[in-house]
Amino acid sequence: MSEQFDNTAGPLTTESGAPISNNNQSEAAGVGGPLLIQDQVLLEKLAHFNRERIPERVVHARGAGAYGTFTVTADVTKYTKAKFLSQVGKETETFLRFSTVADSLGGADARRDPRGWALKFYTEEGNYDLVGNNTPVFFIRDAIKFPDFIHTQKRDPYTGSQEADNVWDFWSLSPESTHQVTWLFGDRGIPASYRHMDGFGSHTFQWVNEAGEQFWVKYHFKTDQGIKNLTQDEANKLAGEDPDSHQRDLRESIERGDFPTWTVQVQIMPAAEAANYRYNPFDLTKVWLNEDYPRITIGKLELNRNPQNIFAEVEQSIFSPAHFVPGIGPSPDKMLQGRLFAYGDAHRYRVGINADHLPVNRPHATEARNGNRDGLGYDGRHGGQKNYEPNSFGGPYETGQPLWAPLQLNGATGEWETPKHAEDDDYVQAGKLFRLMSEDEQDRLIANLSGFIAKVSRDDIIERAIANFAKADETYGKRLAAAVAELRK
């Protein structure tokens with residue numbers, strides 16, 4: 001980076017004082033490979049980050065949830081052996097938690113923020129959790145930057161408020177955020193309700209069929225209620241008058257029998273095609289173009305039952321992208337790899353080591369069988385059963401059947417950058433998104449962005465931020481620069 005910074009504070013270090021050589025890339029098993037547990041900088045950052053707030057979630061603190069049913073409507077057995085997807089018409093109980101990301105438990109629903117989309121399938125092979133957002137992309141592509149990113153969205157340690165300087169300093173220095181920021185400040189940045197927005201798995205996941213063939217998959221949940229959004233002025237008014245607007249809307253809709261539904265679609269990529277796809281298919285800041293991998297409708301999701309106790313069922317609900325079932329697994333997506341550790345670690349800290357025993361979290365269509373015992377909140381469910389394996393007293397046994405297919409690896413360990421594919425850069429998809437917007441949508445996007453950027457106190461941060469949007473689309477950058485300049489007169 002050619003820019004000069006004030007480095008008088010000395011080198012970045014771990015908690016034990018060791019200098020950190022790279023704070024932007026996690027250690028991986030070769031270029032594009034999964035992350036390594038030996039990367040203590042990554043693990044220390046994520047573990048410390050998960051313990052920064054007590055007792056609410058550090059992110060996604062403010063949420064609402066409901067139970068429902070997922071019904072298979074298309075045969076996908078040639079792609080995955082997951083039993084809950086094994087036949088048309090099969091139904092699986094679900095629990096879906098919606099949330100805002102950055103705000104605290106006492107915040108308002110109607111704010112400009114991504115919405116969390118955490119969906120639990122209570123399958124006969126155990127719980128499968130799909131943890132995504134209402135956007136198909138995210139601000140960063142490597143989990144090692146997640147604590148830094150969220151720190152910019154939370155309250156400044158000196159002022160106690162969210163600071164535009166912090167937000168735009170980070171975003172302007174992280175050009176991979178340009179695509180998601182364009183989503184966030186566009187019309188869909190403030191959904192009118194949880195019922196009127198789409199959901200996404202966001203990450204790339206692996207599907208494996210009975211023959212062992214591998215596919216990469218992305219999940220899309222298309223609202224059947226239609227997309228509805230709030231303008232900034234409408235949201236400001238609603239947040240002041242009814243901070244619980246989205247939670248209330250969801251609850252009352254289900255109470256009156258107006259059950260919200262989503263059409264469930266997937267994009268499927270044969271594993272062999274990933275290496276040569278125009279964009280890195282495991283980069284969370286990118287989408288797969290529908291023209292390349294058309295969405296396939298596979299099911300219907302309906303929410304039809306409200307929780308009876310918000311604390312027990314919504315606040316104590318836990319979701320982890322590491323909760324897979326046979327036929328579904330992870331990809332080398334660096335954000336997903338970090339979340340495989342971070343979500344479970346956060347829940348064990350926040351809710352307790354036996355959080356999985358709570359009714360909302362435990363399997364509903366099967367039961368958990370293992371040697372885990374004791375700890376805070378343990379309910380004694382195992383009685384006098386042996387707590388080791390193997391044993392000759394009728395205990396549970398290993399299957400020898402992996403849940404997902406192994407990934408082919410090569411190369412040396414190291415802090416590698418995410419591999420770039422033929423058309424990869426940090427701006428191309430943000431530019432495509434801008435040009436897909438109508439003129440009115442572009443007007444609102446520019447107004448939303450300029451209103452926030454104009455609050456930044458330093459000209460160099462403003463210039464750097466606008467430059468990223470200009471690289472996405474020249475008109476985008478010019479219009480934004482003019483709007484900011486007008487507001488700062």
Side-chain angles (χ1 to χ4, degrees), residues 68-96 117-132 136 198-222 224 261-275 277 281-282 287-303 319-333 336 340 363-367 398-408:
T69 303
F70 169 74
T71 304
V72 179
T73 60
D75 183 3
V76 294
T77 54
K78 66 180 178 180
Y79 301 119
T80 178
K81 61 183 179 181
K83 286 186 178 179
F84 79 100
L85 297 171
S86 61
Q87 61 188 58
V88 174
K90 186 162 188 174
E91 295 185 353
T92 300
E93 183 188 4
T94 63
F95 182 77
L96 176 56
W117 177 278
L119 179 60
K120 187 182 299 292
F121 298 86
Y122 299 102
T123 90
E124 67 266 50
E125 296 178 292
N127 291 348
Y128 171 46
D129 289 353
L130 185 61
V131 186
D198 292 342
F200 300 88
S202 300
H203 297 287
T204 298
F205 296 94
Q206 184 196 73
W207 274 8
V208 183
N209 64 18
E210 287 286 1
E213 296 174 298
Q214 301 176 42
F215 303 87
W216 300 118
V217 60
K218 281 187 176 291
Y219 296 91
H220 302 253
F221 298 80
K222 310 300 288 184
D224 296 323
T261 63
W262 286 261
T263 297
V264 184
Q265 300 178 328
V266 292
Q267 290 176 286
I268 300 287
M269 176 187 293
E273 297 180 12
Y277 185 49
F282 311 117
V287 298
W288 301 355
L289 301 188
N290 197 53
E291 64 199 58
D292 298 331
Y293 297 98
R295 294 191 301 270
I296 303 167
T297 297
I298 67 164
K300 183 73 71 173
L301 175 68
E302 177 185 87
L303 298 183
F319 303 84
S320 172
H323 291 170
F324 292 112
V325 293
I328 304 177
S331 77
D333 176 342
L336 174 60
L340 297 179
H364 288 189
T366 184
E367 64 178 20
E398 61 184 18
T399 67
Q401 300 295 318
L403 271 64
W404 58 80
L407 301 178
Q408 187 68 39

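On a predicted model such as this, the values are computed, not experimentally measured, just so you know. Along the sequence shown, residues carry numbers from 1.
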Student check: side-chain heavy atoms of Leu289 and Tyr277 closer than 4.5 Å: yes
Within residues 121-131 or reaching into it, pairs that qualify as salt bridge (Lys or Arg N to Asp or Glu O under 4.0 Å) - sequence neighbours excluded: Lys90-Glu124, Lys120-Asp129
Where Tyr293 and Glu273 come nearest, the two heavy atoms and their spacing: OH-OE1, 2.6 Å
Side-chain heavy-atom pair Leu303, Trp262 within 4.5 angstrom cut-off: yes
Given Thr69, Thr73, Thr71, Asp224, the one that forms side chain to side chain donor-acceptor pair (under 3.5 Å) with Lys300: Asp224
Side chain to side chain donor-acceptor pair (under 3.5 Å): pairs with one or both residues in residues 206-218, sequence neighbours excluded: Thr204-Lys218, Gln206-Gln214, Trp207-Tyr219, Asn209-Glu213
Thr123 side chain near Phe70 side chain, heavy-atom distance below 4.5 Å: no
Val264 and His220: CA distance, side-chain angles, deciding distance, side chain to side chain contact (heavy atoms under 4.5 Å, CB included) verdict: CA-CA 6 Å; Val264 184; His220 302 253; over 6 Å; no
Side-chain H-bond candidate by donor/acceptor type, Thr77 with Asp75, under 3.5 Å: yes
Minimum side-chain heavy-atom gap Leu130-Phe221 below 4.5 Å: yes
Flag side-chain contact, heavy atom, 4.5 Å: Val72 against Gln87: no
Residue pair Pro281 / Met269, side-chain heavy-atom distance below 4.5 Å: yes
OG1 on Thr261 to NZ on Lys222, rounded to 0.5 Å: 13.5 Å
From Gln265 atom CD to Ile268 atom CD1, the distance as rounded to the nearest 0.5 Å: 12.0 Å
Least distance between heavy atoms, Gly400 atom then Pro402 atom: O-CD, 3.6 Å
Gap between atom CZ of Phe84 and atom OG1 of Thr92 - 0.5 Å precision: 6.5 Å
For Thr297 against Ala74, the heavy-atom pair lying closest together: O-CB, 3.4 Å
Distance (rounded to the nearest 0.5 Å) between Ile296 CD1 and Ile298 CD1: 9.0 Å
Side-chain heavy-atom pair Phe121, Ile328 within 4.5 angstrom cut-off: no
Within 6.0 angstrom of Lys83 NZ, more than 12 heavy atoms from elsewhere: no
Heavy-atom closest contact (Phe324 atom, Pro330 atom, distance): CZ-N, 3.6 Å
Point-to-point distance, once rounded to the nearest 0.5 Å, from CZ of Phe205 to OG1 of Thr80: 13.0 Å
Heavy-atom side-chain proximity of Tyr122 to Phe95 below 4.5 angstrom: yes
